[in-house]
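One-based numbering along the sequence shown. Quick caveat, the model's predicted, so the values are computed rather than measured.
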Amino acid sequence: MSWAAVWDVTVLVIPAGLAALVLTLRYPQPVALLLLLVGPLLTSTFKLGAVSLDNVMVIAGLGLVAILALIRRQLPFNRWSVLPLVLAAAIFVTGNLNGSPNWEACLRFISLAAVPWVASDSPRSSAANLRIFLGIMTVGALTVFSQPLIGYPHPFKDTENTGLRYGGLFGHPNFAAYALSLSILYVLSQKLNTWRVGYLLMAGGAVLTTGSITATMMLFGAAGILLARNIKRLMAGLLVLGVFVATVGQTLLSRLDFVSQTAAGPAAASNSGAWRLGQWQRALRLLEGNEATGIGWGEIPLRIGNNLGAHNAYVQLAVELGWASLVLVLLVVAAHLIVSFRNRIQLVAWIYVLATSISDPVLFYPSSMTILLFILAQTAQKRRPVEVPAPGTALPSALQGSAGVGVPGRS
(Lines give C-alpha, C1' and ligand atoms only; values in the text may rest on other atoms or scores of the structure.)
Protein backbone atom coordinates (compact mmCIF):
# COMPACT_ATOMS: atom_id res chain seq x y z
CA MET A 1 0.00 0.00 0.00
CA SER A 2 1.37 3.41 -1.01
CA TRP A 3 1.78 6.34 1.37
CA ALA A 4 -0.94 8.20 -0.57
CA ALA A 5 -3.37 5.36 0.10
CA VAL A 6 -2.41 5.29 3.80
CA TRP A 7 -2.98 9.03 3.97
CA ASP A 8 -6.40 8.71 2.32
CA VAL A 9 -7.45 6.00 4.76
CA THR A 10 -6.13 7.94 7.77
CA VAL A 11 -7.49 11.36 6.86
CA LEU A 12 -10.71 10.51 5.03
CA VAL A 13 -12.00 7.00 5.57
CA ILE A 14 -11.37 6.58 9.30
CA PRO A 15 -12.85 9.96 10.37
CA ALA A 16 -15.83 9.44 8.09
CA GLY A 17 -16.39 5.97 9.53
CA LEU A 18 -16.13 7.24 13.10
CA ALA A 19 -18.54 10.08 12.33
CA ALA A 20 -21.03 7.61 10.82
CA LEU A 21 -20.67 5.35 13.88
CA VAL A 22 -21.29 8.24 16.29
CA LEU A 23 -24.36 9.38 14.35
CA THR A 24 -25.71 5.84 14.23
CA LEU A 25 -25.27 5.36 17.98
CA ARG A 26 -26.71 8.78 18.79
CA TYR A 27 -29.59 8.76 16.26
CA PRO A 28 -30.29 5.13 15.30
CA GLN A 29 -33.88 5.64 14.11
CA PRO A 30 -33.14 8.56 11.73
CA VAL A 31 -30.06 6.79 10.36
CA ALA A 32 -32.07 3.60 9.73
CA LEU A 33 -34.77 5.60 7.95
CA LEU A 34 -32.15 7.45 5.90
CA LEU A 35 -30.59 4.17 4.72
CA LEU A 36 -33.93 2.55 3.88
CA LEU A 37 -35.05 5.62 1.91
CA VAL A 38 -31.84 6.59 0.12
CA GLY A 39 -31.17 3.00 -0.95
CA PRO A 40 -34.13 2.39 -3.30
CA LEU A 41 -34.59 6.06 -4.20
CA LEU A 42 -31.15 7.35 -5.23
CA THR A 43 -28.48 4.63 -5.28
CA SER A 44 -29.77 1.89 -7.60
CA THR A 45 -27.69 3.23 -10.50
CA PHE A 46 -24.37 2.70 -8.68
CA LYS A 47 -22.84 -0.73 -9.16
CA LEU A 48 -20.49 -2.43 -6.69
CA GLY A 49 -19.42 -5.53 -8.56
CA ALA A 50 -22.31 -7.98 -8.73
CA VAL A 51 -24.58 -5.85 -6.54
CA SER A 52 -25.73 -2.26 -6.57
CA LEU A 53 -25.16 0.31 -3.85
CA ASP A 54 -28.85 0.28 -2.88
CA ASN A 55 -28.51 -3.40 -1.88
CA VAL A 56 -25.68 -2.50 0.50
CA MET A 57 -27.56 0.44 2.01
CA VAL A 58 -30.75 -1.57 2.45
CA ILE A 59 -28.89 -4.41 4.18
CA ALA A 60 -27.19 -1.90 6.49
CA GLY A 61 -30.57 -0.31 7.22
CA LEU A 62 -32.13 -3.69 7.92
CA GLY A 63 -29.32 -4.56 10.31
CA LEU A 64 -29.90 -1.36 12.26
CA VAL A 65 -33.66 -1.99 12.28
CA ALA A 66 -33.06 -5.49 13.65
CA ILE A 67 -30.96 -4.06 16.50
CA LEU A 68 -33.64 -1.48 17.32
CA ALA A 69 -36.33 -4.17 17.28
CA LEU A 70 -34.32 -6.40 19.63
CA ILE A 71 -33.72 -3.53 22.04
CA ARG A 72 -37.41 -2.62 22.06
CA ARG A 73 -38.55 -6.26 21.98
CA GLN A 74 -40.82 -5.58 19.02
CA LEU A 75 -41.30 -6.95 15.55
CA PRO A 76 -40.07 -4.31 13.07
CA PHE A 77 -43.38 -4.28 11.20
CA ASN A 78 -46.84 -2.74 11.53
CA ARG A 79 -50.13 -2.94 9.63
CA TRP A 80 -48.71 -1.05 6.63
CA SER A 81 -46.02 -3.73 6.33
CA VAL A 82 -48.53 -6.39 5.32
CA LEU A 83 -48.44 -5.69 1.57
CA PRO A 84 -44.66 -6.01 1.05
CA LEU A 85 -44.55 -9.00 3.42
CA VAL A 86 -47.30 -10.75 1.45
CA LEU A 87 -45.41 -10.05 -1.78
CA ALA A 88 -42.18 -11.39 -0.29
CA ALA A 89 -43.98 -14.56 0.89
CA ALA A 90 -45.67 -15.04 -2.50
CA ILE A 91 -42.36 -14.62 -4.34
CA PHE A 92 -40.68 -17.10 -1.97
CA VAL A 93 -43.41 -19.77 -2.19
CA THR A 94 -44.02 -19.60 -5.95
CA GLY A 95 -40.30 -19.34 -6.63
CA ASN A 96 -39.62 -22.55 -4.70
CA LEU A 97 -42.49 -24.32 -6.42
CA ASN A 98 -41.07 -23.23 -9.79
CA GLY A 99 -37.53 -24.14 -8.76
CA SER A 100 -36.19 -20.58 -9.12
CA PRO A 101 -36.51 -18.64 -5.84
CA ASN A 102 -35.72 -14.94 -6.21
CA TRP A 103 -33.92 -14.17 -2.94
CA GLU A 104 -33.00 -10.63 -3.92
CA ALA A 105 -36.66 -9.70 -4.52
CA CYS A 106 -37.69 -11.31 -1.21
CA LEU A 107 -35.06 -9.28 0.65
CA ARG A 108 -36.12 -6.15 -1.19
CA PHE A 109 -39.76 -6.40 -0.11
CA ILE A 110 -38.85 -7.38 3.46
CA SER A 111 -36.71 -4.25 3.67
CA LEU A 112 -39.63 -2.19 2.36
CA ALA A 113 -41.84 -3.73 5.05
CA ALA A 114 -39.57 -2.19 7.70
CA VAL A 115 -40.01 1.36 6.34
CA PRO A 116 -43.42 2.07 7.93
CA TRP A 117 -42.25 0.74 11.32
CA VAL A 118 -39.25 3.06 11.32
CA ALA A 119 -41.23 6.00 9.93
CA SER A 120 -43.96 5.67 12.58
CA ASP A 121 -41.47 5.43 15.43
CA SER A 122 -43.24 8.09 17.52
CA PRO A 123 -45.40 11.19 17.03
CA ARG A 124 -42.44 13.42 17.93
CA SER A 125 -40.28 11.97 15.13
CA SER A 126 -42.71 12.90 12.33
CA ALA A 127 -41.21 16.35 11.72
CA ALA A 128 -37.67 14.95 11.66
CA ASN A 129 -38.77 12.14 9.31
CA LEU A 130 -40.32 14.70 6.95
CA ARG A 131 -37.09 16.72 6.88
CA ILE A 132 -35.09 13.59 6.04
CA PHE A 133 -37.55 12.64 3.31
CA LEU A 134 -37.66 16.09 1.71
CA GLY A 135 -33.88 16.35 1.85
CA ILE A 136 -33.52 13.09 -0.07
CA MET A 137 -36.17 14.04 -2.62
CA THR A 138 -34.63 17.49 -3.10
CA VAL A 139 -31.30 15.88 -4.02
CA GLY A 140 -33.12 13.58 -6.44
CA ALA A 141 -35.03 16.43 -8.10
CA LEU A 142 -31.84 18.47 -8.50
CA THR A 143 -30.13 15.56 -10.28
CA VAL A 144 -33.03 15.40 -12.76
CA PHE A 145 -32.39 19.06 -13.60
CA SER A 146 -28.61 18.65 -13.74
CA GLN A 147 -28.66 15.54 -15.92
CA PRO A 148 -29.32 17.42 -19.22
CA LEU A 149 -26.46 19.80 -18.37
CA ILE A 150 -23.73 17.38 -17.29
CA GLY A 151 -24.88 14.15 -18.95
CA TYR A 152 -24.65 12.12 -15.75
CA PRO A 153 -26.20 9.66 -15.23
CA HIS A 154 -26.53 8.72 -18.89
CA PRO A 155 -29.94 9.96 -20.18
CA PHE A 156 -32.60 7.57 -21.40
CA LYS A 157 -33.65 7.48 -25.07
CA ASP A 158 -37.22 6.28 -25.55
CA THR A 159 -38.46 4.09 -28.39
CA GLU A 160 -40.65 6.89 -29.77
CA ASN A 161 -37.58 8.88 -30.88
CA THR A 162 -38.95 12.06 -29.31
CA GLY A 163 -35.64 12.95 -27.69
CA LEU A 164 -33.79 12.17 -24.49
CA ARG A 165 -35.53 11.73 -21.14
CA TYR A 166 -34.07 12.28 -17.70
CA GLY A 167 -34.46 10.50 -14.37
CA GLY A 168 -31.40 11.68 -12.46
CA LEU A 169 -30.24 9.42 -9.65
CA PHE A 170 -33.69 7.83 -9.51
CA GLY A 171 -32.70 5.85 -12.62
CA HIS A 172 -35.38 5.44 -15.27
CA PRO A 173 -37.42 8.63 -15.92
CA ASN A 174 -40.61 6.82 -14.89
CA PHE A 175 -39.07 5.93 -11.51
CA ALA A 176 -38.33 9.62 -10.98
CA ALA A 177 -41.73 10.81 -12.19
CA TYR A 178 -43.80 8.52 -9.97
CA ALA A 179 -41.63 9.04 -6.89
CA LEU A 180 -41.62 12.82 -7.25
CA SER A 181 -45.36 12.88 -7.92
CA LEU A 182 -46.12 10.99 -4.72
CA SER A 183 -43.87 13.35 -2.78
CA ILE A 184 -45.70 16.34 -4.27
CA LEU A 185 -49.07 14.94 -3.19
CA TYR A 186 -47.75 14.37 0.32
CA VAL A 187 -46.32 17.88 0.66
CA LEU A 188 -49.55 19.39 -0.71
CA SER A 189 -51.41 17.75 2.17
CA GLN A 190 -49.14 19.38 4.75
CA LYS A 191 -49.01 22.90 6.14
CA LEU A 192 -46.95 24.87 3.64
CA ASN A 193 -43.95 27.04 4.41
CA THR A 194 -41.30 28.65 2.21
CA TRP A 195 -39.14 25.54 1.96
CA ARG A 196 -42.08 23.27 1.11
CA VAL A 197 -43.42 25.65 -1.53
CA GLY A 198 -39.93 25.79 -3.03
CA TYR A 199 -39.82 22.00 -3.05
CA LEU A 200 -43.21 21.80 -4.80
CA LEU A 201 -42.00 24.12 -7.56
CA MET A 202 -38.74 22.22 -8.01
CA ALA A 203 -40.32 18.74 -7.90
CA GLY A 204 -43.10 19.77 -10.27
CA GLY A 205 -40.55 21.02 -12.79
CA ALA A 206 -38.58 17.78 -12.41
CA VAL A 207 -41.69 15.67 -13.12
CA LEU A 208 -42.26 17.58 -16.35
CA THR A 209 -38.58 17.15 -17.26
CA THR A 210 -38.92 13.36 -17.07
CA GLY A 211 -41.48 13.46 -19.89
CA SER A 212 -43.65 10.77 -18.28
CA ILE A 213 -47.16 11.23 -19.67
CA THR A 214 -49.01 8.90 -17.31
CA ALA A 215 -47.27 10.14 -14.17
CA THR A 216 -47.91 13.78 -15.06
CA MET A 217 -51.56 13.42 -16.06
CA MET A 218 -52.41 11.33 -13.01
CA LEU A 219 -50.58 13.83 -10.78
CA PHE A 220 -52.86 16.60 -12.08
CA GLY A 221 -55.96 14.52 -11.34
CA ALA A 222 -54.80 13.38 -7.90
CA ALA A 223 -53.75 16.92 -6.91
CA GLY A 224 -57.16 18.17 -8.04
CA ILE A 225 -58.87 15.67 -5.74
CA LEU A 226 -56.57 16.60 -2.89
CA LEU A 227 -57.07 20.35 -3.31
CA ALA A 228 -60.78 20.26 -4.16
CA ARG A 229 -61.61 21.94 -0.85
CA ASN A 230 -58.90 24.59 -1.17
CA ILE A 231 -59.70 26.73 -4.21
CA LYS A 232 -56.82 29.17 -3.64
CA ARG A 233 -54.22 26.40 -3.70
CA LEU A 234 -55.91 24.79 -6.70
CA MET A 235 -55.90 28.00 -8.76
CA ALA A 236 -52.31 28.78 -7.78
CA GLY A 237 -51.31 25.27 -8.79
CA LEU A 238 -52.98 25.60 -12.21
CA LEU A 239 -51.19 28.91 -12.81
CA VAL A 240 -47.80 27.48 -11.90
CA LEU A 241 -48.57 24.41 -14.04
CA GLY A 242 -49.14 26.57 -17.12
CA VAL A 243 -45.84 28.36 -16.62
CA PHE A 244 -43.94 25.11 -16.07
CA VAL A 245 -45.38 23.35 -19.11
CA ALA A 246 -44.32 26.29 -21.25
CA THR A 247 -40.77 26.38 -19.83
CA VAL A 248 -39.61 22.87 -18.86
CA GLY A 249 -42.27 20.64 -20.43
CA GLN A 250 -40.81 20.31 -23.93
CA THR A 251 -40.14 16.57 -23.61
CA LEU A 252 -43.65 15.93 -22.32
CA LEU A 253 -45.25 18.02 -25.08
CA SER A 254 -43.24 16.28 -27.82
CA ARG A 255 -44.30 12.86 -26.50
CA LEU A 256 -47.96 13.95 -26.36
CA ASP A 257 -47.71 15.24 -29.92
CA PHE A 258 -46.18 11.97 -31.10
CA VAL A 259 -48.91 9.89 -29.46
CA SER A 260 -51.70 12.04 -30.91
CA GLN A 261 -50.22 11.88 -34.42
CA THR A 262 -49.73 8.10 -34.40
CA ALA A 263 -52.86 7.08 -32.48
CA ALA A 264 -54.89 6.28 -35.61
CA GLY A 265 -52.22 6.03 -38.29
CA PRO A 266 -49.99 3.23 -39.57
CA ALA A 267 -47.39 4.05 -36.92
CA ALA A 268 -49.82 3.57 -34.03
CA ALA A 269 -47.97 0.49 -32.77
CA SER A 270 -44.90 2.60 -32.05
CA ASN A 271 -46.49 4.94 -29.50
CA SER A 272 -46.34 4.09 -25.82
CA GLY A 273 -50.07 3.42 -25.34
CA ALA A 274 -50.56 1.00 -28.23
CA TRP A 275 -47.25 -0.69 -27.46
CA ARG A 276 -48.38 -1.41 -23.90
CA LEU A 277 -51.54 -3.19 -25.10
CA GLY A 278 -49.43 -5.51 -27.19
CA GLN A 279 -47.05 -6.06 -24.31
CA TRP A 280 -49.91 -7.11 -22.01
CA GLN A 281 -51.08 -9.64 -24.59
CA ARG A 282 -47.61 -11.10 -25.02
CA ALA A 283 -47.20 -11.38 -21.24
CA LEU A 284 -50.57 -13.04 -20.66
CA ARG A 285 -49.72 -15.77 -23.18
CA LEU A 286 -46.95 -16.87 -20.81
CA LEU A 287 -49.55 -17.65 -18.14
CA GLU A 288 -51.00 -20.59 -20.08
CA GLY A 289 -50.26 -23.73 -18.08
CA ASN A 290 -48.85 -21.73 -15.16
CA GLU A 291 -52.06 -20.32 -13.70
CA ALA A 292 -51.47 -21.62 -10.15
CA THR A 293 -47.90 -20.50 -9.41
CA GLY A 294 -47.02 -18.26 -12.35
CA ILE A 295 -43.71 -18.36 -14.19
CA GLY A 296 -41.57 -16.83 -11.40
CA TRP A 297 -40.85 -13.28 -10.27
CA GLY A 298 -38.85 -11.28 -12.79
CA GLU A 299 -39.25 -13.84 -15.57
CA ILE A 300 -41.40 -11.82 -18.01
CA PRO A 301 -38.51 -9.72 -19.40
CA LEU A 302 -36.48 -12.89 -19.94
CA ARG A 303 -39.21 -14.79 -21.77
CA ILE A 304 -41.19 -12.18 -23.66
CA GLY A 305 -38.54 -11.62 -26.29
CA ASN A 306 -37.94 -7.85 -26.02
CA ASN A 307 -36.34 -7.90 -22.54
CA LEU A 308 -39.06 -5.62 -21.15
CA GLY A 309 -41.66 -6.20 -18.46
CA ALA A 310 -45.44 -6.37 -18.69
CA HIS A 311 -45.85 -2.63 -17.97
CA ASN A 312 -48.90 -3.43 -15.86
CA ALA A 313 -48.66 -4.35 -12.18
CA TYR A 314 -51.73 -6.58 -12.25
CA VAL A 315 -50.71 -8.47 -15.39
CA GLN A 316 -47.20 -8.89 -13.97
CA LEU A 317 -48.54 -10.21 -10.67
CA ALA A 318 -50.87 -12.73 -12.33
CA VAL A 319 -48.29 -13.97 -14.85
CA GLU A 320 -45.27 -14.17 -12.54
CA LEU A 321 -46.94 -15.28 -9.28
CA GLY A 322 -50.24 -16.83 -10.40
CA TRP A 323 -53.91 -15.98 -9.95
CA ALA A 324 -53.98 -16.89 -6.25
CA SER A 325 -51.25 -14.37 -5.47
CA LEU A 326 -53.05 -11.70 -7.48
CA VAL A 327 -56.27 -12.25 -5.50
CA LEU A 328 -54.38 -12.25 -2.18
CA VAL A 329 -52.55 -9.00 -2.96
CA LEU A 330 -55.76 -7.32 -4.13
CA LEU A 331 -57.48 -8.34 -0.88
CA VAL A 332 -54.64 -6.78 1.13
CA VAL A 333 -54.89 -3.60 -0.96
CA ALA A 334 -58.67 -3.53 -0.45
CA ALA A 335 -58.19 -3.80 3.32
CA HIS A 336 -55.70 -0.92 3.23
CA LEU A 337 -58.14 1.16 1.19
CA ILE A 338 -60.86 0.61 3.78
CA VAL A 339 -58.51 1.73 6.56
CA SER A 340 -57.42 4.77 4.51
CA PHE A 341 -60.91 5.79 3.40
CA ARG A 342 -61.29 8.66 5.89
CA ASN A 343 -57.71 9.89 5.44
CA ARG A 344 -57.63 12.07 2.32
CA ILE A 345 -53.89 11.97 1.57
CA GLN A 346 -53.68 8.22 2.17
CA LEU A 347 -56.65 7.61 -0.12
CA VAL A 348 -55.30 9.90 -2.84
CA ALA A 349 -51.86 8.24 -2.64
CA TRP A 350 -53.47 4.82 -3.04
CA ILE A 351 -55.60 6.02 -5.97
CA TYR A 352 -52.53 7.46 -7.68
CA VAL A 353 -50.46 4.29 -7.28
CA LEU A 354 -53.25 1.88 -8.23
CA ALA A 355 -54.30 3.91 -11.29
CA THR A 356 -50.77 4.39 -12.64
CA SER A 357 -50.06 0.68 -12.06
CA ILE A 358 -52.28 -0.02 -15.07
CA SER A 359 -49.61 1.32 -17.44
CA ASP A 360 -46.50 0.67 -15.33
CA PRO A 361 -45.84 -1.64 -12.33
CA VAL A 362 -45.75 1.39 -10.02
CA LEU A 363 -47.04 -0.67 -7.10
CA PHE A 364 -43.86 -2.80 -7.29
CA TYR A 365 -41.29 -0.12 -8.10
CA PRO A 366 -39.06 0.02 -4.99
CA SER A 367 -38.93 3.83 -5.19
CA SER A 368 -42.69 4.39 -5.41
CA MET A 369 -43.56 1.68 -2.87
CA THR A 370 -41.03 3.14 -0.44
CA ILE A 371 -42.69 6.56 -0.64
CA LEU A 372 -46.21 5.11 -0.46
CA LEU A 373 -45.37 3.19 2.73
CA PHE A 374 -43.65 6.26 4.17
CA ILE A 375 -46.75 8.39 3.51
CA LEU A 376 -49.06 5.80 5.05
CA ALA A 377 -46.95 5.57 8.19
CA GLN A 378 -46.40 9.32 8.53
CA THR A 379 -50.06 10.24 8.12
CA ALA A 380 -51.54 7.47 10.28
CA GLN A 381 -53.24 8.47 13.50
CA LYS A 382 -50.70 8.14 16.27
CA ARG A 383 -52.07 7.58 19.74
CA ARG A 384 -50.44 9.82 22.30
CA PRO A 385 -50.33 8.57 25.88
CA VAL A 386 -52.93 10.20 28.15
CA GLU A 387 -51.32 11.79 31.16
CA VAL A 388 -53.05 10.75 34.37
CA PRO A 389 -52.97 13.57 36.96
CA ALA A 390 -51.80 12.99 40.48
CA PRO A 391 -54.46 12.25 43.14
CA GLY A 392 -56.28 15.38 44.21
CA THR A 393 -55.57 17.21 40.93
CA ALA A 394 -58.54 18.29 38.83
CA LEU A 395 -58.81 16.73 35.40
CA PRO A 396 -58.76 19.00 32.35
CA SER A 397 -62.25 19.76 31.11
CA ALA A 398 -61.57 17.91 27.86
CA LEU A 399 -60.99 14.69 29.81
CA GLN A 400 -63.65 14.98 32.48
CA GLY A 401 -66.43 13.44 30.39
CA SER A 402 -64.33 10.52 29.18
CA ALA A 403 -63.15 9.75 32.69
CA GLY A 404 -66.60 10.02 34.25
CA VAL A 405 -65.38 12.74 36.64
CA GLY A 406 -67.05 16.07 37.20
CA VAL A 407 -70.12 15.19 35.11
CA PRO A 408 -73.49 15.07 36.88
CA GLY A 409 -75.03 11.64 36.99
CA ARG A 410 -71.70 9.80 36.81
CA SER A 411 -69.71 8.38 39.66
Side-chain angles (χ1 to χ4, degrees), residues 40 44 83-84 86-106 108-109 112 156-160 165 167 171-175 177-178 212-215 217-218 255 258-259 262-263 267-334 352-369 372:
S44 61
L83 178 60
V86 166
L87 283 168
I91 292 170
F92 175 78
V93 172
T94 57
N96 279 280
L97 291 175
N98 288 318
S100 57
N102 192 324
W103 296 106
E104 182 179 349
C106 290
R108 168 66 65 197
F109 284 112
L112 291 176
F156 174 80
K157 186 173 180 60
D158 59 45
T159 57
E160 297 166 352
R165 294 176 59 197
H172 192 283
N174 288 348
F175 297 167
Y178 293 124
S212 177
I213 298 175
T214 303
M217 295 304 179
M218 289 303 302
R255 295 193 74 213
F258 178 86
V259 171
T262 62
S270 63
N271 75 51
S272 58
W275 176 86
R276 277 172 168 78
L277 291 174
Q279 193 76 348
W280 300 347
Q281 293 173 349
R282 286 186 287 271
L284 287 171
R285 293 192 195 104
L286 300 174
L287 187 59
E288 297 177 3
N290 301 288
E291 291 83 359
T293 60
I295 62 174
W297 189 257
E299 288 293 313
I300 289 179
L302 303 177
R303 301 193 189 188
I304 207 167
N306 55 15
N307 202 34
L308 295 171
H311 277 271
N312 181 302
Y314 313 108
V315 172
Q316 177 181 341
L317 191 58
V319 173
E320 294 188 339
L321 299 184
W323 289 113
S325 296
L326 173 63
V327 172
L328 180 59
V329 169
L330 291 180
L331 287 174
V332 172
V333 170
Y352 181 84
V353 169
L354 295 176
T356 52
S357 291
I358 296 174
S359 64
D360 285 299
V362 179
L363 185 60
F364 307 136
Y365 284 160
S367 54
S368 52
M369 180 179 274
L372 174 64

Legend entry - For Phe175, all residues meeting ring pair (Phe, Tyr, Trp, His ring centres under 6.0 Å), sequence neighbours excluded: His172, Tyr365
Legend entry - Backbone of Leu286 reached by a side-chain donor or acceptor of Glu288 within 3.5 Å: no
Inset, instruction - Please say which of Leu372, Val353, Thr214 ends up in a side chain to side chain contact (heavy atoms under 4.5 Å, CB included) with Tyr178. - result: Thr214
Legend entry - Asn102 side chain vs Gly95 backbone, donor-acceptor pair below 3.5 Å: no
Inset, instruction - Using modelled atom types only, decide if a donor and an acceptor are shared between the side chain of Asp360 and the backbone of Thr356 within a distance under 3.5 Å. - result: no
Inset, instruction - Using a 4.5 Å cut-off on heavy atoms from C-beta on, say whether the side chain of Val333 contacts that of Leu83. - result: yes
Inset, instruction - May I have all residue pairs that pass side chain to side chain donor-acceptor pair (under 3.5 Å) and include part of residues 314-330, sequence neighbours excluded? - result: Gln316-Glu320
Inset, instruction - Check whether any side-chain heavy atom of Arg165 lies under 4.5 Å from a side-chain heavy atom of Ser212, and answer yes or no. - result: yes
Inset, instruction - Pick out which of Asn312, Ile304, Leu284 makes a side chain to side chain contact (heavy atoms under 4.5 Å, CB included) with Val319. - result: Leu284
Inset, instruction - State whether the number of non-hydrogen atoms from other residues, nucleotides or ligands found under 6.0 Å of Glu104 atom CD is greater than 12. - result: no
Legend entry - CA sep, side-chain torsions, deciding dist, call: Ile295, Asn98, side chain to side chain contact (heavy atoms under 4.5 Å, CB included): CA-CA 7 Å; Ile295 62 174; Asn98 288 318; 5.8 Å; no
Legend entry - Residue pair Leu321 / Thr293, side-chain heavy-atom distance below 4.5 Å: no
